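A quick write-up on the structure given underneath.
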Amino acid sequence: MPSVTTIAEIGKHEGQLVTIRGWLYNLRESGKLLFPIFRDGSGVIQGVVPKSAVPPEVFDAVKGLTQESSVIVEGKVRADKRAPGGHELDVSNVQVLQRVAENDPYPISLKEHGVDFLMEHRHLWVRTPRQAAILRVRAEIIKAARDFFDERGFTLTDPPILTPAACEGTTTLFPVDYFDEQAFLTQSGQLYIEATAMALGKVYSFGPTFRAEKSKTRRHLTEFWMVEPEIAYATLEDLMELAEGLITFVVKRCLERRRPDLQTIGRDVSKLEKIKTPFPRITYDEAVKLLQDAHAKGALENKFEWGGDLGSPDETYISSQFETPVMVHRYPAKVKAFYMEPDPQRPELALCVDVLAPEGYGEIIGGSQRTASYELLVKRIHEHNLPEEAFKWYLDLRKYGSVPHSGFGMGIERVVSWICSLEHVRETIPFPRMLHRLYP
RNA sequence: UCCUCAGUAGCUCAAUGGCAGAGCAUCCGGCUGUUAACCGGAGGGUUGUAGGUUCGAGUCCUACCUGAGGAGCCA
């Protein structure tokens, strides 16, 4: 058997006889000339099988192939200007591992399909070139984020998935029976990495989080992945610099390493090429003014009043005013989580920041400086009607060498959705979990 | 939880209250450069469920089920 290669690497074997191992993506035929298209997970290539050039059994084997049948193919690599990838394979032999039965054909044809049907067949949908490209971009984004923190002296510390109580108490949690005790799936690792930050200085976590909210929008999953850095002695200003640094690093990496995938997806990369630091920073007060002006001009339906949290249409409007992500900071403390440090200049504001992605994608990062004072934190826990005893360990962090510290969470799926310019986050993760989706 | 929309062949969709259809997929036949190939033919249906109006319902009415888009909430 000639040496095995991948379709992505096939250009390096021009003129050579190679073996590729994969699946039949499509078969076109023109009389005694067959054009099987193979995929192997790294890419797609068209084979050419003239009846006159191969043994009859090879021609018949290819002619009888059904979509997604698994095959090991031998052939000679030939450069061809007509081929989308620049190369074709003159097939000399085919070994069929498993032929898909014609009375039960591969359900996902090359034509258009509806969302529900595709989601019901997600285990097969991931094979299509566009979906595979998105998953490669996702992997690159995760790798880039981890490299970013690893290269800057952060230590990866994994928070627990099973937790005894609400981290923030506000959103709905998935309950789990833990040996007859009530436990919940984590909705954020933040509180735990505040502890490890006090131990290691600069830490981050990367893992799944769970929210039992009945959200039904293109931005929500019930199970999603977050990257969360937490840094001892960092201020809100430090945090904003870190956030814009992380985002530009990730975008640049995708442009460097996943450009062909972005093209497969149909992403207008020129918009990503404009992402440079520093990002515009506007205060909540300025954002309110922007929204009220927009309402006056008729660009926004609802009049925004100071004091409320930004709604989805509000975020969309603000982010549409900029070509790079924009950072909105210092929201009213009332609409934010209990653990956020008040602004010493204006205590009614929290030292927090949301990063809104451009092109209407909205919030991809939310972060804040954390309350350092024991007394204030106890007060806030009571104000939010949270059980103080559940936060005893968290309050200990303010009793034993409390320092200013800050951190944020970046939602991986929303970043993937923005970088790939997708309609919905359900395509950013291999098996999305949503309000009405637990299968497959 | 609320608002809006949809459910017809395996898939994507069409059908003025009057014989349930097309494209793709599958099967058979044709084509030596096809690019979601094309051309000819065949098979394929309890129109989401239950009731109602009507001579007659895929179509109109009621309830329910399922899904989608959005709001709220959030990353």
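In what follows, chains are A, B, ... by sequence order, proteins preceding strands, each numbered from 1. This is a predicted model, so every value here is computed, not measured.
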To the closest 0.5 Å, what do you measure between NE2 (A:H329) and SG (A:C352)?
9.5 Å

If you measure from the [atom1] atom in [N] to the same atom in [M], how many Å do you get, rounded?
N: B:G44; M: B:A9; atom1: P; result: 15 Å
N: B:C39; M: B:C24; atom1: P; result: 7 Å
N: B:C74; M: B:U12; atom1: P; result: 35 Å
N: B:U46; M: B:G58; atom1: C1'; result: 13 Å
N: B:U59; M: B:A6; atom1: C1'; result: 15 Å
N: B:G21; M: B:A15; atom1: C1'; result: 7 Å
N: B:G10; M: B:U66; atom1: P; result: 22 Å
N: B:A25; M: B:G41; atom1: P; result: 16 Å

Determine whether the aromatic ring centres of residues A:F206 and A:W225 are separated by less than 6.0 angstrom.
yes

Ring centres under 6.0 angstrom apart (A:F391, A:F338)
yes

Which listed nucleotide ([options]) is nearest to the side chain of [X]?
X: A:F35; options: B:G33, B:G67, B:A75; result: B:G33
X: A:E102; options: B:C31, B:C27, B:A71; result: B:C27
X: A:P50; options: B:U32, B:A71, B:U26; result: B:U32
X: A:E315; options: B:C74, B:U34, B:C31; result: B:C74
X: A:L221; options: B:A75, B:U26, B:C31; result: B:A75
X: A:T66; options: B:C27, B:A71, B:G33; result: B:C27

Quick check: any donor-acceptor pair below 3.5 Å linking the side-chain of [X] to the base of [N]?
X: A:S215; N: B:C74; answer: no
X: A:R414; N: B:C74; answer: yes
X: A:S52; N: B:U32; answer: yes
X: A:Q46; N: B:U34; answer: yes

Who is the Watson-Crick or G-U wobble partner of [N], with both distances under 3.5 Å?
N: B:U47; answer: none
N: B:C73; answer: none
N: B:U53; answer: none
N: B:A14; answer: none
N: B:A25; answer: none
N: B:G7; answer: B:C65
N: B:C38; answer: B:G30

Hey, does [X] reach any base, or is it just sugar-phosphate, or nothing, if we go heavy atoms under 4.0 Å?
X: A:E120; answer: nothing
X: A:E112; answer: base
X: A:E29; answer: base
X: A:K216; answer: base
X: A:E413; answer: nothing
X: A:N26; answer: sugar-phosphate
X: A:F117; answer: sugar-phosphate
X: A:G362; answer: nothing

Can you see if the side chain of [X] gets near the phosphate of [N] - specifically, an N or O under 4.0 Å from OP1 or OP2?
X: A:H424; N: B:G69; result: yes
X: A:K111; N: B:U12; result: no
X: A:R426; N: B:G69; result: yes
X: A:H220; N: B:C74; result: no
X: A:R219; N: B:A71; result: yes
X: A:S312; N: B:A71; result: yes

In whole Å, I'd like the distance from the [atom1] atom of [X] to the [atom2] atom of [N].
X: A:D354; N: B:C74; atom1: CG; atom2: C1'; result: 10 Å
X: A:Y25; N: B:A25; atom1: OH; atom2: P; result: 13 Å
X: A:E213; N: B:A71; atom1: CD; atom2: C1'; result: 13 Å
X: A:M434; N: B:G70; atom1: CE; atom2: C1'; result: 15 Å
X: A:R218; N: B:U4; atom1: CZ; atom2: C1'; result: 14 Å
X: A:Q190; N: B:C74; atom1: CD; atom2: P; result: 14 Å
X: A:N302; N: B:G72; atom1: CG; atom2: C1'; result: 12 Å
X: A:H436; N: B:C5; atom1: NE2; atom2: P; result: 18 Å

Are A:R426 and A:E413 close enough for a salt bridge, meaning some N to O gap below 4.0 Å?
no

Check A:R437 with A:E120, please: is the shortest side-chain N to carboxylate O separation under 4.0 Å?
yes

Where each residue is assigned the nucleotide of RNA chain B containing its nearest heavy atom, which of A:R28 and A:L33 is assigned the position nearer the 5′ end?
A:L33

Checking A:K202 against A:E230 for the salt bridge (charged side-chain N to carboxylate O under 4.0 Å, His left out) test, could you report, in this order, the C-alpha distance in whole Å, the side-chain angles of both residues, the deciding distance, and whether it holds?
CA-CA 6 Å; A:K202 296 201 283 188; A:E230 193 71 35; over 6 Å; no

Would the distance check show the side chain of A:R211 and the main-chain N or O of A:Q187 forming a donor-acceptor pair, the cut-off being under 3.5 Å?
yes

Please determine which of A:D285, A:D354, A:D309 meets the side chain to side chain donor-acceptor pair (under 3.5 Å) test together with A:Y331.
A:D354

Please determine if A:R152 forms a cation-pi arrangement with A:F148, meaning its NZ or CZ atom is less than 6.0 Å from the six-membered ring centre and no more than 45° off the ring axis.
yes

Run the salt bridge (charged side-chain N to carboxylate O under 4.0 Å, His left out) check on A:R130 and A:D261 step by step: do they pass?
CA-CA 8 Å; A:R130 176 183 161 85; A:D261 287 322; over 6 Å; no

